[in-house]
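Below is one structure, written out as structure tokens; the observations come after it.
The structure displayed is predicted, hence computed values, not measured ones.
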Amino acid sequence: MAPGKRVTDPLQWGYSLSNVFELLSGCLEAIETKTVLEIGSYKGELTVELLEWAQTRGVKVAGVDPLPPDELEALAKAHPELELLRQTGQEVLREREFDDAIIIDGDHNYYTLSEELKIIGERAPGAGMPLLMFHDVCWPHARRDTYYEPDRIPEDQRQPLVHNEGIAPGIKGTAEWGLPFVWAAAEEGGEKNGTMTAIEDFLAERPGIQLAVVPAFFGFGVMWHRDAPWASAVERVIAPYDRHPVLERMEGNRVEHLVAGQARARQLVKLEEKVAKQEDLLRRLLGSSAFTAAEKLSGLKQRGKPLFTREEVQSLLDE
Ligand SMILES: C[S@@+](CC[C@H](N)C(=O)[O-])C[C@H]1O[C@@H](n2cnc3c(N)ncnc32)[C@H](O)[C@@H]1O
């Protein structure tokens, strides 16, 4: 299948940057990138597209993940040209010669992203900054931290945590029916909370850097230095989508449907649990001599036409 043409399951979250591949590769082409680093490759949905795209262009692709899932390991095996780094983004950024473009899609919290940006800002100041692309710069991560491994973050740099809770748009705390997260900040908003807050704090200290935000699939961010030789080429690709109100509206609508779907799925699970208990009770009743006696008694009372029969209950259970 051609890069960018993969169909994402419409019932899933749409968590992969492969959903915005045309924009992402458009930016890579604008800077005529020779190397690209993806921080946080997960199962390799974006990585595989990058590899296919890179093949004909002589571009080198590297993926970073401290805990590569089996799918990513399998991808690395099938594609020896992929450089897979089993480390954190910070570890890699501290020691690696910078790639032309860096995609940051690892741990979505203020501390991790701030540290990654700090390292980049210090090692490649001014117009030497690589093209940076980010995922998850809109809801739910923009103003709320989530953590893969809370222990990786110094305790005094972490938000108060909730474990296995739901998150919903417009709700500052948590909502049982919201999108489930294993570890998240107990509340949305406030200082040092969320990816967008980290990006804004980084920008506040560094003039000359531009940011575009495409409000689709949880938010795709593109950051570049205005004095980079390719700055206007990137701007041409991404500016038409930057904070576009129609996209914003569509994304708002999409996440509301995602949350509603999640709520329905939870209700269904509860309903199934209830039905399973009712079925269990009916089966025990059917197997008891008390049921036979009650069926006969009700037949006598109703002059031969019982209120309920064994066959009736059995056919309900068989449905
Ligand atoms: C949202 S997924 C990435 C999705 C992928 N980029 C895509 O578009 O299909 C985030 C991944 O980042 C990894 N991760 C978590 N903390 C990280 C860190 N500090 N540095 C790099 N990767 C990290 C997780 O293991 C997970 O596989």
Would you name the heavy atoms of [X] and [Y] that are closest together and state the gap between them?
X	Y	result
Val137	Thr195	CA-OG1, 3.7 Å
Arg243	Met196	NH2-CE, 4.3 Å
Ala175	Ala168	CB-CB, 4.2 Å
Phe218	Val255	CE2-CG1, 4.0 Å
Ala54	Val61	CB-CG2, 3.7 Å
Leu82	Gly63	CD1-N, 3.9 Å

I'd like to check [X] versus [Y] (side-chain heavy atoms, cut-off strictly below 4.5 Å). Are they in contact?
X	Y	answer
Leu286	Leu317	yes
Leu17	Glu38	no
Gln87	Glu95	yes
Asp136	Thr146	no
Ile119	Gln90	yes
Met223	Met129	yes
Leu46	Asp105	no
Ile39	Leu93	yes

Joint cluster assignment, [X] & [Y], ILVMFWY side-chain distance < 4.5 Å:
X	Y	answer
Leu247	Met133	yes
Val36	Val20	yes
Tyr110	Val213	no
Tyr111	Leu113	no
Leu85	Leu50	no

What's the separation between atom [atom1] in [X] and atom [atom2] in [Y], rounded to the nearest 0.5 Å?
X	Y	atom1	atom2	result
Glu155	Leu161	CD	CG	8.5 Å
Lys192	Arg158	NZ	CZ	15.0 Å
Asp145	Asp107	CG	CG	8.5 Å
Leu23	Leu28	CG	CG	11.0 Å
Asp201	Leu117	CG	CG	10.0 Å
Glu29	Leu24	CD	CG	10.0 Å

Practice item. Show your working on side chain to side chain contact (heavy atoms under 4.5 Å, CB included) between Thr47 and Leu84 and close with a plain yes or no. Key: CA-CA 10 Å; Thr47 326; Leu84 178 57; over 6 Å; no

Mark yes or no for whether [X], through its side chain, and [Y], through its backbone, hold a donor-acceptor pair below 3.5 Å.
X	Y	answer
Tyr147	Gln159	yes
Asn193	Gly189	yes
His135	Phe217	yes
Asp99	Ile102	no
Glu295	Arg310	yes
Asp242	Ala212	no
Asp65	Gly40	no
Arg144	Ala185	yes
Thr33	Asp100	no
Arg254	Trp13	yes

Check your understanding: Can you check salt bridge (Lys or Arg N to Asp or Glu O under 4.0 Å) on Glu115 and Arg152, steps first, answer last?
Key -> CA-CA 12 Å; Glu115 288 298 305; Arg152 270 198 219 125; over 6 Å; no

Point to revise | Tyr15 and Lys43: CA distance, side-chain angles, deciding distance, side chain to side chain contact (heavy atoms under 4.5 Å, CB included) verdict | key: CA-CA 11 Å; Tyr15 66 81; Lys43 294 183 183 172; 4.2 Å; yes

Between [X] and [Y], does at least one N-O distance fall below 4.0 Å, as a salt bridge requires?
X	Y	value
Glu73	Arg86	yes
Lys60	Glu97	no
Arg283	Glu279	yes

Point to revise | Partner residues of Glu248 under the salt bridge (charged side-chain N to carboxylate O under 4.0 Å, His left out) criterion, sequence neighbours left out | key: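 Glu248 satisfies salt bridge (charged side-chain N to carboxylate O under 4.0 Å, His left out) with no other residue.
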
**Study point:** Residue pair Leu316, Glu312: steps toward the side chain to side chain contact (heavy atoms under 4.5 Å, CB included) verdict
**Key:** CA-CA 6 Å; Leu316 258 183; Glu312 198 182 3; 5.9 Å; no

Check your understanding: Would you say Glu32 has more than 12 foreign heavy atoms packed within less than 6.0 Å of its CD?
Key ->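 It does not: Glu32 CD has 12 such atoms or fewer within range.
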
Check your understanding: Does atom CG of Asp280 have more than 12 heavy-atom neighbours, drawn from other residues, nucleotides or ligands, at distances under 6.0 Å?
Key ->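 Yes.
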
Check your understanding: Do the two ring centres, one from Phe308 and one from Phe291, sit under 6.0 Å apart?
Key ->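 Ring centres of Phe291 and Phe308 closer than 6.0 Å.
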
Practice item. Compute the centroid of each ring, for Phe220 and then for Tyr241, and state whether the two points are separated by less than 6.0 Å. Key: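 No, too far apart.
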
Review point. Which of parallel (below 30°), tilted (30 to 60°) and perpendicular (above 60°) describes Phe21 and Trp53?
Key: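 Answer is perpendicular, since the angle exceeds 60°.
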
Check your understanding: Taking only residues at least two apart or on different chains, which pairs with a member in residues 217-233 satisfy side chain to side chain donor-acceptor pair (under 3.5 Å)?
Key ->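 Of all non-adjacent pairs touching residues 217-233, those that pass side chain to side chain donor-acceptor pair (under 3.5 Å) are Gln210-Arg226.
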
Practice item. List the steps, then state whether side chain to side chain contact (heavy atoms under 4.5 Å, CB included) holds for Thr112 with Tyr148. Key: CA-CA 11 Å; Thr112 306; Tyr148 276 92; over 6 Å; no

Exercise for review: Starting from the C-alpha separation in whole Å, work towards a yes-or-no answer on salt bridge (Lys or Arg N to Asp or Glu O under 4.0 Å) for Glu176 and Lys270.
Suggested key: CA-CA 13 Å; Glu176 197 205 343; Lys270 280 190 180 164; 3.3 Å; yes

Point to revise | Residues forming a ring pair (Phe, Tyr, Trp, His ring centres under 6.0 Å) with Phe98, sequence neighbours excluded | key: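 For Phe98, no residue satisfies ring pair (Phe, Tyr, Trp, His ring centres under 6.0 Å) once neighbours in sequence are set aside.
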
